[in-house]
Amino acid sequence: MCSRSLNPRVISRAIFSPFLSSKALVATVVPIRIQPVRGARSKCLHDRAVLNCQYSMATFSTAERKRRPHGDRKSSEMTLHLKQTFEAAILTQLYPRSQIDIYVQILQADGGNYSSCVNAATLAVVDAGIPLRDYVCACSAGFLEDTPLVDLSHVEESSGGTQLSLALLPKAEHLALVEMDARLHQDHLEGLMDAATRACKDLHAVLDRVVREHLQEVSTQLGE
Amino acid sequence: MRETPLSNCERQFLVQAIAEKKRLDGRQTYDYRNIKITFGTDYGCCIVDLGKTRQSELVVKLNRLVERCLRNSKCIDTESLCVVSGEKVWQIRVDLHLLNHDGNIMDAASIAAITALCHFRRPDVSIQGEDVTVYTPEERDPVPLSIHHMPICVSFSFFQQGTYLLVDPSEREERVMDGLLVIAMNKHREICTIQSSGGIMLLKDQVLRCSKIASVKVTEISELIQKALENDKKVRKEGGKFGFAESMPNQRITAYKMEVAPVDTEDPIVLSDSEEEDVVVLEPKIMKKEVKVQASSTAASKKKKKKKPAH
């Protein structure tokens, strides 16, 4: 379900596919010092790192071939959300005047786009060695026929029911991002958020296990 | 024009004031600024004043939020917009123009959008077989849109890592806030949209508490919108004057200009009057004259009468 590969050009890359079949590919580049080039210096902050995210969908990722992979409003919104999520989670104070890039590309979109991006990006950032406050686990949840459902597929999302996306830092149960669409009665909100939180915690267990296994593999390879 | 950056001392002052539960304009934590809603002469034009908020990244966020709030919550009955199924349909477009940004444009924009949609009247249509006739407003009264419910956004700003919370942040408060949570609800207590932005960590209880506060605020604002709509309807029916021009306050000084006139500064002010004719006279004299007096006093130093030039 999760696999990582090492490539000399990018520092880390991770593919994450949740229970159904969305796949996201993420590449992060290690914090680079922003060179005093014309224009670039205005972007750098003196006390922390600038986070640069880009989200795009491969043209073959959706059921119909996508004409405009990036630059449309939904992609811009997704980029902003990713940036916001990771600005909260990465310890940017440790890298003043630097820039961290996170590029996400969706290979297969079958619901839960945002969640796959966030989970894959977490793995990539961990692999790159960038310090994080905690794993960032994200999950989508919905409310169809009075039952909270977790990890919605594309069909369930487009049926018009409620859809909640949650990005959670599991240990302290801090929500890095809460986003909800479509109507939901106020009384059901708590139940829905509880279901999404439980799913994120399960995901955290999976991500943790994968990271440790990968680390063991790498260390045994290096050892020999 | 680049906006002026916020100085550190101003930032600290704002945060400290919030820690002491005080806001710059004297409001309480959960208070909204005065909302004023005015309608234009045409159906579907609406101006909302939220305090003085009547304008990148910000535009994208606002656009997506209002779009999700209105479109995904299905507040308008889109099926009723169909004229001939499979062929002709009415297309509704909402244009929002930001006139003045004094904080919390999300709320103002959502109130303006939903009020304009409620206020709007579309031309009446009749279908006879294959023929479709669109009547002009003169021939037949235009028809209102069928709106299921009115979603309204309420913004909450967080300070000091979520310790303090404010409703309806002003522009200064927005500059120092850590993050923003927007909850869109309708008066039936259904949540239409939740959106958190900025890099803050929230707890589940905070989100639930905000939703409770939001439901109270939304009921108040919905009543306000209903009243404004009814007032406008009444005025139009009675043939009174309506429109944006009527909403401008009359007899308000918009500019003040005075003619350039010389000011007389020659009058001396007598301070004390002692017996020995030692009169100290304060005279606002210009530099040149001062020198002159000095010269004269040296020449006549024996005289008791002194004239001290004003400083």
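Each chain gets a letter, A, B and so on, in the order the sequences are listed, and its residues count up from 1.
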Exercise. Between the main-chain N or O of A:Val178 and the side-chain N or O of B:Ser196, is there a donor-acceptor pair closer than 3.5 Å?
Worked result: yes
Seminar exercise, completed: Per-residue tally against chain A (heavy atom, under 4.5 Å) across B:Lys74, B:Arg71, B:His149 peaks at B:His149
For this session: Could you check which of A:Glu87, A:His174, A:Met180, A:Met193 has the highest count of heavy-atom pairs closer than 4.5 Å to chain B?
Result: A:Met180
For this session: Under the side chain to side chain contact (heavy atoms under 4.5 Å, CB included) rule, what do A:Leu189 and B:Leu208 come out as? Steps first, then yes or no, please.
Result: CA-CA 8 Å; A:Leu189 179 65; B:Leu208 292 172; 3.8 Å; yes
Problem set entry | Sub-4.5 Å side-chain heavy-atom contact between B:Arg189 and A:Asp187 | yes
For this session: Against chain A, label B:His188 side chain, backbone, both or neither, depending on which of its atoms sit under 4.5 Å from a heavy atom there.
Result: backbone
Exercise. Got a donor-acceptor contact below 3.5 angstrom from the A:Gln186 side chain to the B:Ser211 backbone?
Worked result: yes
Problem set entry | Under 3.5 Å side-chain donor-acceptor pair for B:Gln195 and A:His81 | yes
For this session: Kindly indicate whether the side chain of B:Ile191, heavy atoms from C-beta on, has any atom under 4.5 Å from the side chain of A:His185.
Result: no
Exercise. So, are A:Glu179 and B:Arg64 salt-bridged, with charged N and O less than 4.0 Å apart?
Worked result: no
Exercise. Measuring heavy-atom distances to chain B, does A:Leu169 have an atom under 4.5 Å in its side chain, in its backbone, in both, or in neither?
Worked result: side chain
Exercise. So which part of B:Gln206 gets closer than 4.5 Å to some heavy atom of chain A, the side chain, the backbone, both or neither?
Worked result: neither
For this session: Could you look at A:Glu190 and say if it's the side chain, the backbone, both or neither that has a heavy atom under 4.5 Å from chain B?
Result: both
For this session: Could you look at A:Ala167 and say if it's the side chain, the backbone, both or neither that has a heavy atom under 4.5 Å from chain B?
Result: neither
Exercise. Just wondering, do B:Val207 and A:Leu175 contact through their side chains at under 4.5 Å, heavy atoms?
Worked result: yes
Problem set entry | Heavy-atom contact with chain A under 4.5 Å, split by part of B:Ile200 | backbone
